[in-house]
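Residue numbers start from 1 in every chain, and the chains themselves are labelled A, B, ... in the order their sequence lines are given, proteins ahead of strands. Just so we're clear, the structure is a prediction, and the values are computed from it rather than from any experiment.
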There are 2 protein chains.
Amino acid sequence: MLDAIDAAILRELQNDARISNKDLAARVNVAASTCLERVRALQRRGVLAGFHADADPAALGRPLQAYIAVRVRPHNRDVVEPFIRFVLDLPETIALSHIAGADDFLVHVAVRDAAHLQRLLLDGFTSRREVAHLETQLIFSHIRKWDIGPM
Amino acid sequence: MLDAIDAAILRELQNDARISNKDLAARVNVAASTCLERVRALQRRGVLAGFHADADPAALGRPLQAYIAVRVRPHNRDVVEPFIRFVLDLPETIALSHIAGADDFLVHVAVRDAAHLQRLLLDGFTSRREVAHLETQLIFSHIRKWDIGPM
DNA sequence: ACCGGTTCCGAATACTCTTCGGGGTATGGC
DNA sequence: GCCATACCCCGAAGAGTATTCGGAACCGGT
């Protein structure tokens, strides 16, 4: 399903999405035209879902990150879907997970400082009727692995 | 610190890191040469930390994701640093957060299936002496916002 | 108005992307 | 063995893009 060349292409593009096709081809040892077609095939197949610049939240004035675990009651579609939309529309939100367990959602946010986080929690979350419980954990450091490979 | 053009460049590149410089320039209404220089300045300043292809874990045979909350005892440098290296070397790991609270780390993993997750937990984590407590939460869905802006 | 510093632009060259025809190579039928 | 099919790969070349650089425009201070 994914041969050695595809895996190498994936690795290189996860490492640097702006590498030129020519350089990419040289790195994985195929002709540029072949490489281009393989990249497009990976996109068509959905293996390559997109290419994104990685901006540093700290450099954008948001040096503090946190996870907010949220319990939403009642936990049904009519309540959950607007809540998801609300969270994704918050500029503070970086990522949102819908999870199984005591908590229902884990929201990853980046904020200016502790006061900003407090305002977000009080005005943004606890003021909503469906939010039954909140638990916030500060993030000291967050490391994302860019090169995830096939298993 | 970040004018409207920089913000627009950031937005476009977070949306599609492989856009050509010419198209990017057209979108943000500056000359191509200006645009190129601004992108490089953003990289120099560390605002643009990198460009990464986004691979779909499910398409790579890892449709199941989970958070693993870990308590590491004793929580000191000599124990924590090897643990971090261990987690980052796991092919299953997508991201690792060092957090404040009852738990010390939150590990985001993508695995093949429940059996794979179980093996990872038992053989990878609980077999390590410093791992004092584990709590695993399955992820139903994970949405990452690509366009984080300045505040 | 003048200066210094900065930012922006456009033209030109060097380089890259992309298409497409053609040629290998593996597979399976006979 | 021999052919047909399908697949993948390659190189050449025109179209398109990146990058550099000199000069123009702007801005704030005096």
*Asks:* Nucleotides 19-26 of chain D: which of its N/O atoms have a protein N/O under 3.5 Å away?
*Replies:*
{"unit_1": "dT20(D)", "atom_1": "OP2", "unit_2": "Arg40(B)", "atom_2": "NH2", "d": "2.6"}

*Asks:* Do other residues, nucleotides or ligands put more than 12 heavy atoms under 6.0 Å from the CD atom of Glu37(B)?
*Replies:* yes
*Asks:* Assess the pair His98(B) and His142(A): is the distance between their ring centroids shorter than 6.0 Å?
*Replies:* no
*Asks:* Under 4.0 Å, heavy atom to any atom of DNA chain D: which of residues 7-16 of chain A qualify?
*Replies:* none
*Asks:* Nearest whole Å is fine: how far is dT7(C) P from Leu2(B) CG?
*Replies:* 13 Å
*Asks:* Would you kindly say whether Thr136(A) and Tyr67(A) are connected by a side-chain donor-acceptor distance under 3.5 Å?
*Replies:* no
*Asks:* Contact class for Ser20(B) (heavy atom, under 4.0 Å): base, sugar-phosphate, or nothing?
*Replies:* sugar-phosphate
*Asks:* What I want to find out is whether Asp104(A) reaches Arg73(A) closely enough, with some N-O distance under 4.0 Å, to be called a salt bridge.
*Replies:* yes
*Asks:* Could you tell me if the ring centre of Phe125(B) sits under 6.0 Å from that of Phe86(B)?
*Replies:* yes
*Asks:* Between Asp6(A) (CG) and dC7(D) (P), how many Å, whole number?
*Replies:* 16 Å
*Asks:* Roughly how many Å is it from CG in Asp23(A) to C1' in dT18(C), rounded to a whole number?
*Replies:* 16 Å
*Asks:* Starting at CD of Glu37(A) and ending at P of dC20(C), how long is that distance when rounded to a whole Å?
*Replies:* 12 Å
*Asks:* Quick one: Asp3(B) CG to dT6(C) P, roughly how many Å, whole number?
*Replies:* 16 Å
*Asks:* Measure from NZ or CZ of Arg128(A) to the centre of the six-membered ring of Phe83(A), then state whether that distance is under 6.0 Å and the direction lies within 45° of the axis.
*Replies:* no
*Asks:* Is there a donor in the side chain of His75(B) and an acceptor in the side chain of Glu130(B), or the other way round, less than 3.5 Å apart?
*Replies:* no
*Asks:* Between atom CZ in Arg38(B) and atom P in dA18(D), what is the gap in whole Å?
*Replies:* 18 Å
*Asks:* Which pair of heavy atoms, one from Ala55(B) and one from Leu60(B), lies closest together, and at what distance?
*Replies:* CB-CD1, 3.9 Å
*Asks:* What is the distance from NZ of Lys22(A) to C1' of dA13(D), rounded to the nearest Å?
*Replies:* 15 Å
*Asks:* Hey, does Arg18(B) reach any base, or is it just sugar-phosphate, or nothing, if we go heavy atoms under 4.0 Å?
*Replies:* nothing
*Asks:* Mind listing the closest non-hydrogen atom pair of Ala110(B) and Ile94(B) along with its distance?
*Replies:* CB-CD1, 3.4 Å
